[in-house]
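Since the structure comes first, as structure tokens, the remarks are kept for the end.
Below, chains carry the letters A, B, ... as their sequence lines are ordered, and counting in each starts from 1.
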There are 2 protein chains.
Amino acid sequence: MESFEGIVEFVAVAERGGFSSAARQLGCSTSHVSRQVARLEERIGCALLARSTRLVSLTENGSAYYQQCKELVVGLQQANEQVNQQQFNLNGTLRVSAAGGFAEQFVAPVLMVFAQQHPELTVDIDFNSRMVNFVEDGIDFAVRYGELTDSSLIARKLVSRPMMAVASPDYLKQYGEPKHPNHLKNHSCILSNNDHWFFNIDGIQESIKVSGRWRSNNSNAVVEACEQGLGIAYLPKSTFNDAIESDRLVAVLEPFWGKGASSWIVYQNRQFLPLRARLAIDYLIEHISGWGGS
Amino acid sequence: MESFEGIVEFVAVAERGGFSSAARQLGCSTSHVSRQVARLEERIGCALLARSTRLVSLTENGSAYYQQCKELVVGLQQANEQVNQQQFNLNGTLRVSAAGGFAEQFVAPVLMVFAQQHPELTVDIDFNSRMVNFVEDGIDFAVRYGELTDSSLIARKLVSRPMMAVASPDYLKQYGEPKHPNHLKNHSCILSNNDHWFFNIDGIQESIKVSGRWRSNNSNAVVEACEQGLGIAYLPKSTFNDAIESDRLVAVLEPFWGKGASSWIVYQNRQFLPLRARLAIDYLIEHISGWGGS
DNA sequence: CCCCATTATTGCTATATAGCAATAGTATTT
DNA sequence: AAATACTATTGCTATATAGCAATAATGGGG
């Protein structure tokens with residue numbers, strides 16, 4: 001297999017007319033340059049330079065070879081400059097995998113603003129909650145909610161979302177208001193992702209098993225069912241902003257609300273994250289973490 | 001300064017889709033390929049490959065960089081092929097420095113035949129006896145006569161030329177024939193290169209100091225002067241072939257003639273002598289040494 | 001579902017290379 | 001003419017790299 005070894009040194013000697021001058025230009029020792037060129041000549045079985053003490057000149061073969069090697073060196077410089085420029089340019093496609101209502105409601109709008117600020121970027125958000133294959137799918141980062149499973153990824157907390165329990169006024173009029181999380185076993189609860197709700201009871205986070213006649217993994221559907229009086233709902237507070245403002249739902253069990261799980265940005269643990277990813281992640285953290293999670 | 005390190009490995013990984021396959025192609029270890037690519041990424045500050053266990057793909061930057069590096073690798077292959085082809089082709093200009101009558105009389109004609117056999121060669125013979133600067137003047141080899149001074153050169157003996165002492169019949173009639181080299185101090189001698197002639201006396205080579213009224217470093221001029229009866233001449237035997245055949249000159253001191261000095265081909269002690277030089281030198285030695293020096 | 005084969009990474013050791021210093025040769029300066 | 005400075009090469013040593021082996025992860029086959 002071909003090797004580029006000695007090419008840079010040979011070109012430098014040819015251009016500078018000597019090993020010592022070439023070594024100074026390359027910032028290495030004269031003996032290194034001497035040996036690299038000698039090895040190159042040995043590898044290609046041809047004298048490239050004619051030498052006497054204090055004098056070096058190109059042979060006929062060396063002249064021709066130099067022209068070609070010079071193009072290789074220039075080509076490498078251009079390749080490196082271009083990859084360097086690309087590295088500090090904001091271009092290409094930002095690919096995000098987002099899951100959950102929070103991503104839909106808050107992350108997407110913020111990314112929209114970010115995209116407007118960077119017209120040369122394309123943003124591709126795939127809303128799904130499946131396990132992401134970062135390498136295969138070329139995903140820059142994912143937004144995930146709850147506990148994370150893959151320890152090889154880097155996770156940066158976006159927000160801890162405080163929870164809120166609500167019910168419709170009609171439901172409470174008919175079934176009474178629960179005064180403690182333990183009372184929930186006597187109530188109809190509207191389930192979302194799982195049937196254990198975490199409450200802060202005397203400073204301790206306790207898991208309360210709940211049940212009900214309605215369940216959905218869509219937070220909008222949960223809110224509607226609650227408004228219809230189908231039971232008590234317990235989701236991140238922001239989910240109920242509109243319903244609370246219009247008095248369609250009212251808060252219950254307020255002293256016991258948990259801090260709730262976190263939303264995360266997760267991405268590959270790798271060097272040289274593309275600039276677009278780094279800036280987008282930083283932008284999201286800056287514009288969402290700072291909200292205090294409401 | 002730019003470095004080509006890792007380029008070959010990176011291109012191989014990109015094309016084969018994995019480090020192990022690339023290592024097999026390159027005939028090296030997987031760990032070497034892994035490290036070379038990692039070092040390349042570190043040097044250019046950019047991820048070229050996205051990796052998971054058992055899977056490698058090019059990043060956006062890596063894709064662009066690969067295209068350029070592929071051209072570099074192809075360019076290197078072409079450069080090496082071309083220099084290899086040149087190496088085994090007989091082309092270019094054979095540059096020879098020749099000194100002395102022997103070179104003019106015998107070497108030039110033989111090289112002429114050699115040149116006729118190789119139409120793609122140009123032969124450039126510079127007749128002079130100054131010290132050759134092989135590197136500066138781009139000389140392939142030189143033809144020299146007598147003792148050599150530069151021990152760093154390679155010297156291959158072309159011919160040892162036996163000497164001959166001659167005089168014109170008129171000269172001998174007038175001044176008598178010398179019977180021993182010691183008698184030469186009483187005779188007029190025609191000098192060429194120096195005033196000490198070497199004779200074989202009782203198996204020992206002895207230096208006899210001679211003098212005369214005529215001196216020239218041109219052997220043709222020496223022969224003419226001798227024919228005019230200006231004295232005794234002592235040069236390589238071949239110098240006098242015509243004059244002897246036509247009885248214009250006769251031999252003297254025959255039992256004492258020395259073997260004479262040698263003619264040499266000298267060239268740089270260097271690797272990878274161009275093919276044209278190697279073939280020409282071999283051709284000369286084959287076609288001149290075999291004559292036995294007459 | 002389990003086992004095996006293959007992959008990529010990295011700690012560690014053997015090996016090749018980079019640099020230092022000595023050497024020889026030559027050009028320039030005094 | 002002699003001394004000095006600079007050059008290229010090479011022996012030797014310190015350092016970086018190549019390869020081996022261990023490790024962890026994953027895909028394919030039974």
Under 3.5 Å: donor-acceptor pair, side chain of [X], backbone of [Y]:
X	Y	value
B:Arg16	B:Arg24	no
A:Arg51	A:Leu49	yes
A:Ser207	A:Phe198	no

What is the distance, rounded to the nearest whole Å, between atom [atom1] of [X] and atom [atom2] of [N]?
X	N	atom1	atom2	value
B:His32	D:dG19	NE2	C1'	10 Å
A:Phe19	C:dG25	CZ	C1'	15 Å
A:Arg16	D:dC6	CZ	P	16 Å
A:Gln268	C:dT9	CD	P	12 Å
A:Gln25	D:dT7	CD	P	14 Å
B:Glu42	C:dT10	CD	P	11 Å

inquiry  = Heavy-atom count check: over 12 atoms from other residues, nucleotides or ligands less than 6.0 Å from B:Gln85 CD?
reply    =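 Counting other residues, nucleotides and ligands, CD of B:Gln85 stays at 12 neighbours or fewer.
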ask   = Of A:Ser31 and A:Glu5, whose nearest nucleotide on DNA chain C comes first from the 5' end?
value =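 With A:Ser31 and A:Glu5 compared, the 5'-side residue is A:Glu5.
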inquiry  = Salt bridge check, B:Arg35 against B:Glu9: does any charged N sit closer than 4.0 Å to a carboxylate O?
reply    =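 Here B:Glu9 does not pair with B:Arg35 in a salt bridge, since their nearest N and O are not under 4.0 Å apart.
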ask   = With sugar-phosphate meaning primed atoms plus P, OP1 and OP2, does B:Arg24 contact a base, only sugar-phosphate, or nothing at under 4.0 Å between heavy atoms?
value =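 The answer is sugar-phosphate, as B:Arg24 gets under 4.0 Å only of primed atoms, P, OP1 or OP2.
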message = By the 4.0 Å heavy-atom rule, please label B:Ser29 as base, sugar-phosphate, or nothing.
response =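 Base contact.
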request  = Quick one: sort the A:Phe4 and B:Phe4 rings into parallel, tilted or perpendicular, breaks at 30° and 60°.
outcome  =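 Correct class here is parallel.
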inquiry  = Once you measure the plane-to-plane angle for A:Phe10 and A:Tyr66, does it fall in the parallel (<30°), tilted (30-60°) or perpendicular (>60°) bin?
reply    =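 A:Phe10 vs A:Tyr66 ring planes: perpendicular.
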ask   = Which is it for B:Thr122 and B:Leu94 under the side-chain contact (heavy atoms from CB on, under 4.5 Å) test, yes or no, and what are the steps along the way?
value = CA-CA 6 Å; B:Thr122 300; B:Leu94 178 73; over 6 Å; no
query = Going by heavy atoms in the side chains, are B:Leu158 and B:Val107 under 4.5 Å from each other?
reply =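 Side-chain contact under 4.5 Å: yes.
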request  = Could you tell me whether the side chain of B:Asn61 reaches within less than 4.5 Å of the side chain of B:Ile44, counting heavy atoms only?
outcome  =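 A side-chain contact under 4.5 Å is absent here.
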inquiry  = Using five pairs at each end of the helix from C:dC1-D:dG30 to C:dT30-D:dA1 to define an axis, what is the angle between those two axes, to 10°?
reply    =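 Computed from the C1' atoms at both ends, the axes differ by 30°.
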task = Name every residue in residues 33-41 of chain A that has at least one heavy atom under 4.0 Å from any atom of DNA chain D, in order of residue number, or write none if there are no such residues.
result =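 Nucleic-acid contacts, sorted: A:Ser34, A:Arg35.
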task = Output the single nucleotide from C:dA18, D:dT9, D:dA18 whose closest atom is nearest the side chain of A:Thr30.
result =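 Minimum distance to the A:Thr30 side chain belongs to D:dT9.
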Side chains of B:Thr93 and B:Arg276, donor plus acceptor under 3.5 Å =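 Side chains of B:Thr93 and B:Arg276: no pair found under 3.5 Å.
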Dump the pairs, protein N or O against N or O of nucleotides 27-29 of chain C, anything under 3.5 Å, distances to one decimal.
unit_1: C:dA27; atom_1: O4'; unit_2: A:Arg54; atom_2: NE; d: 3.1

